[in-house]
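First up is the structure itself, then whatever we jot down about it.
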Number of protein chains: 2
Amino acid sequence: MQNSEAIALSAVLLAAAGELTQRIHEGVVARGFEGVRPAHGFTFARLASDGATVTEIAAHLGVTKQAASQIVEELVRKGYVERRPHPEDARARLVVLTELGWACTRAAEEAAADAVGAWAEVLGEREMRALRTLLTSIAPYGPIKPAW
Amino acid sequence: MQNSEAIALSAVLLAAAGELTQRIHEGVVARGFEGVRPAHGFTFARLASDGATVTEIAAHLGVTKQAASQIVEELVRKGYVERRPHPEDARARLVVLTELGWACTRAAEEAAADAVGAWAEVLGEREMRALRTLLTSIAPYGPIKPAW
DNA sequence: ACTATTTGGTCAAGCTGCTTGACCATAATG
DNA sequence: CATTATGGTCAAGCAGCTTGACCAAATAGT
């Protein structure tokens with residue numbers, strides 16, 4: 001593997017990821033959900049299965065818990081999530097999606113499906129599976145940090 | 001293509017891109033270049049071939065020209081680029097990499113090669129070429145916008 | 001048991017990186 | 001050669017994050 005090949009691979013990977021992010025965002029907006037940013041989408045993804053605490057969200061996003069707390073506050077204000085008392089820890093508060101939050105999550109999924117679908121039209125089903133398999137082999141396990 | 005598959009593909013793509021960005025950044029820092037952010041790397045990439053004007057950099061990064069101007073100012077201060085008079089337009093100024101800027105660019109390329117090389121050890125050369133081919137087919141042509 | 005430390009969360013203040021708005025100098029257009 | 005468009009900077013403001021201080025509940029130490 002020469003350097004130039006590594007650069008080329010990096011460039012197309014970053015370009016594809018950037019475009020995907022942008023398209024998902026545009027698709028969500030087009031479906032009527034305004035004032036939501038990609039970071040909110042990553043938050044929703046973490047909340048989708050049973051909710052999470054502020055600290056867990058912070059770890060998921062790779063930010064401080066103060067930042068996560070502010071994000072949650074904003075999402076509460078906009079009606080996407082709500083804070084409930086934590087069933088096992090009186091200090092903690094469980095953040096869960098509201099019905100609006102679920103609707104927005106589904107919109108994001110549809111937008112993702114649209115964007116990916118456009119790729120499928122170019123590559124075909126078979127190649128898409130190959131792509132997914134390859135990426136799955138190299139993607140890290142941890143949280144998806146929107147870090148760049 | 002079902003929604004769930006699109007989500008899975010999106011997740012691994014974003015995870016891989018996030019990890020790559022982070023590793024490149026860490027690699028650049030490890031090679032002794034401090035105070036440089038991913039956005040600077042995207043700037044360097046645009047400057048590498050013959051330099052660019054502030055307006056061109058702005059378009060490349062997807063930000064306003066004021067923001068691009070500030071970024072250039074910072075890079076000048078840190079010694080990575082310099083402003084030269086534009087040979088054809090007295091209004092414009094051509095921003096070019098200094099020797100330090102070139103060194104930093106090479107460091108980023110090495111870091112990218114390291115990160116990609118780690119994937120090659122998992123996938124093998126053949127699969128890496130397949131991955132690159134697939135991604136090249138779906139990546140947009142325009143500037144790489146670090147947008148999320 | 002009860003002190004001491006850790007952990008979950010918020011409040012407050014500050015910084016960084018971007019934005020919008022105004023403006024100047026040069027180029028392109030009629 | 002007057003008008004408009006373009007490249008660039010200065011200034012002010014804002015959004016999203018950080019660090020620092022703090023409180024309440026849980027956990028650990030003896």
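Every chain is numbered from 1 and lettered A, B, ... according to where its sequence line falls, protein lines coming before strand lines.
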Residue pair Glu56(B)/Glu88(A) against DNA chain D: nearer the 5' end by closest nucleotide is Glu56(B)
The residue, Gln70(A) or Asp89(A), whose nearest nucleotide of DNA chain D is more 5′ is Gln70(A)
So for Gln66(B) and dG21(C), does any side-chain atom that can act as donor or acceptor lie under 3.5 Å from a complementary atom in the base?
yes
For this session: Inspect the contact between Arg83(A) and Glu73(A) and indicate whether a charged nitrogen and a carboxylate oxygen are less than 4.0 angstrom apart.
Result: yes
Practice item. Considering only NZ, NE, NH1 and NH2 on the basic side and carboxylate oxygens on the acidic side, decide whether Glu109(B) and Arg31(B) come within less than 4.0 Å. Key: no
Side-chain contact, heavy-atom cut-off 4.5 Å: Leu134(A) with Ile138(A)? no
Below 4.0 Å: OP1/OP2 of [N] and any side-chain N or O of [X]:
X: Arg83(A); N: dG8(C); value: no
X: Ser69(B); N: dC10(D); value: no
X: Thr55(A); N: dT7(C); value: no

From the list [options], which nucleotide is the closest neighbour of the side chain of [X]?
X: Lys65(A); options: dT10(C), dA26(D), dG7(D); value: dT10(C)
X: Arg91(B); options: dC18(C), dA27(C), dA26(D); value: dA27(C)
X: Arg93(A); options: dG9(C), dA26(D), dG8(D); value: dG9(C)

Between its two end axes (five pairs each) the helix from dA1(C)-dT30(D) to dG30(C)-dC1(D) turns, nearest 10 degrees, through 30°
Give the rounded distance in Å between these two atoms: [atom1] of [X] and [atom2] of [N].
X: Ile57(A); N: dT7(C); atom1: CD1; atom2: C1'; answer: 16 Å
X: Leu94(B); N: dG8(D); atom1: CG; atom2: C1'; answer: 14 Å
X: Arg84(B); N: dG7(D); atom1: CZ; atom2: P; answer: 20 Å
X: Glu73(B); N: dG7(D); atom1: CD; atom2: P; answer: 20 Å
X: Glu74(B); N: dT16(C); atom1: CD; atom2: P; answer: 10 Å

request  = Pick base, sugar-phosphate or nothing for Thr64(A), based on heavy-atom distances below 4.0 Å to the nucleic acid.
outcome  = base
Once you apply a heavy-atom cut-off of 4.0 Å, does Ala67(A) come out as touching a base, just sugar-phosphate, or nothing? base
Taking every heavy atom of Val63(A) against every heavy atom of Ala68(A), the minimum-distance pair comes out as CG2-N, 4.0 Å
Shortest non-hydrogen pair, Leu123(A) vs Ser137(B), comes out as CD2-CB, 3.6 Å
List the steps and the verdict of salt bridge (Lys or Arg N to Asp or Glu O under 4.0 Å) for Arg23(A) and Glu19(A).
-> CA-CA 6 Å; Arg23(A) 291 219 182 177; Glu19(A) 198 203 15; 2.9 Å; yes
Quick one: does any side-chain atom of Thr53(B) pair with a main-chain N or O of Ala92(B) as donor and acceptor, under 3.5 Å?
no
By nearest-nucleotide position on DNA chain C, the 5'-leaning member of Arg37(B) and Ala52(A) is Ala52(A)
